[in-house]
Asks: 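Dumping the structure here so I can ask a few things about it.
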Amino acid sequence: MSDPNSTRGETDIRRSALSRWDDEGGAIFSVPAAAADEIPEISNTEMVHLRVRVIALENLLIAVLAEGSDKQIAVAREMAEYIAPRSGSTQHPLTIKAGNHMAGMIERALHFRTVEAPSPSR
């Protein structure tokens, strides 16, 4: 995941952001003031492409979960319930929404899950 062309500061920023993805901190990417000038604004076109990619990834994940094992579904449910702020932190609306969204995706996957008919006994 490391880029040999990255500066030390960029690597530290990435590590800091990634270390917070277990709660809402990953969604709020704080950058030191000096580095903020180096990050270009996202254009409307780029934002549209990101939305399309997120929709595609969500649907792909739903398809994968639909064919996944019961254990994989259970782990996904556990992960959706696990999303919570660190101890001592207050619950963040984006954290709650992310957990609910994950649970909804799991339910959608179950809707598409194929049920195999039992094989006839001989």
Side-chain angles (χ1 to χ4, degrees):
M1 191 167 171
S2 63
D3 181 359
N5 296 326
S6 297
T7 64
R8 176 93 172 119
E10 289 173 338
T11 302
D12 291 341
I13 290 169
R14 266 193 216 104
R15 281 191 186 133
S16 173
L18 291 173
S19 71
R20 297 177 307 180
W21 273 109
D22 60 343
D23 64 16
E24 72 276 2
I28 304 168
F29 187 80
S30 62
V31 179
D37 296 333
E38 299 171 17
I39 300 172
E41 291 292 320
I42 294 178
S43 71
N44 187 49
T45 302
E46 290 171 319
M47 186 62 74
V48 169
H49 285 281
L50 285 172
R51 286 181 179 171
V52 169
R53 288 177 176 161
V54 168
I55 291 167
L57 286 170
E58 283 183 356
N59 285 294
L60 182 61
L61 180 60
I62 289 168
V64 169
L65 285 173
E67 293 297 320
S69 69
D70 290 340
K71 183 176 180 181
Q72 289 167 324
I73 297 292
V75 169
R77 277 196 178 119
E78 184 180 342
M79 188 63 176
E81 292 171 5
Y82 175 77
I83 295 179
R86 291 186 178 106
S87 61
S89 299
T90 56
Q91 189 76 312
H92 191 279
L94 290 178
T95 303
I96 296 167
K97 196 170 188 172
N100 291 339
H101 190 70
M102 284 179 69
M105 288 173 55
I106 294 164
E107 292 306 314
R108 286 174 55 202
L110 294 176
H111 175 75
F112 290 102
R113 201 161 197 183
T114 56
V115 179
E116 294 182 23
S119 58
S121 302
R122 292 188 182 199

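The model shown is predicted, which means the values in this text are computed figures rather than measured ones.
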Asks: Which distance, rounded to the nearest 0.5 Å, do you find between the CD of Glu58 and the CE of Met105?
Replies: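 Nearest 0.5 Å value for the CD-CE distance: 5.0 Å.
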Asks: Should Arg77 and Gln72 be marked as a side-chain contact (heavy atoms from CB on, under 4.5 Å) after you check the CA-CA gap, both sets of side-chain angles, and the distance that decides it?
Replies: CA-CA 9 Å; Arg77 277 196 178 119; Gln72 289 167 324; over 6 Å; no
Asks: Indicate the atoms forming the closest heavy-atom contact of Ala80 with Ala103, along with that distance.
Replies: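 Scanning both residues, the minimum pair turns out to be CB-N, 4.1 Å.
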Asks: Identify the two heavy atoms, one from Ile42 and one from Met47, that lie closest to each other, and give their separation to 0.1 Å.
Replies: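 Ile42 and Met47 have their closest heavy atoms at CG2-N, 3.7 Å.
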Asks: Could you report the tightest heavy-atom contact between Ile73 and Leu65, atom names first, then the distance?
Replies: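 Residues Ile73 and Leu65, closest heavy atoms: CD1-O, 3.4 Å.
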Asks: Do Glu46 and Arg53 meet the salt-bridge criterion of a basic N to acidic O distance under 4.0 Å?
Replies: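 Salt bridge between Arg53 and Glu46, a charged N being under 4.0 Å from a carboxylate O: no.
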Asks: For Asp70, is there an ion pair with Arg113 - N to carboxylate O distance below 4.0 angstrom?
Replies: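 Counted as a salt bridge, because a side-chain N and a carboxylate O are separated by less than 4.0 Å.
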Asks: Once you round to the nearest 0.5 Å, how far does CG of Leu61 lie from CD1 of Ile106?
Replies: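 That separation rounds to 8.5 Å.
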Asks: Which atom pair, heavy atoms only, marks the closest approach of Met102 to Ala76?
Replies: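 Residues Met102 and Ala76, closest heavy atoms: CE-O, 4.2 Å.
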Asks: Please report the closest heavy-atom contact between Ile62 and Ala109, naming both atoms and the distance.
Replies: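 Minimum heavy-atom contact is O-CB, 3.5 Å.
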Asks: At what distance, to the nearest 0.5 angstrom, does CG of Asn44 lie from NE2 of His49?
Replies: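 Asn44 atom CG to His49 atom NE2 measures 9.5 Å (nearest 0.5 Å).
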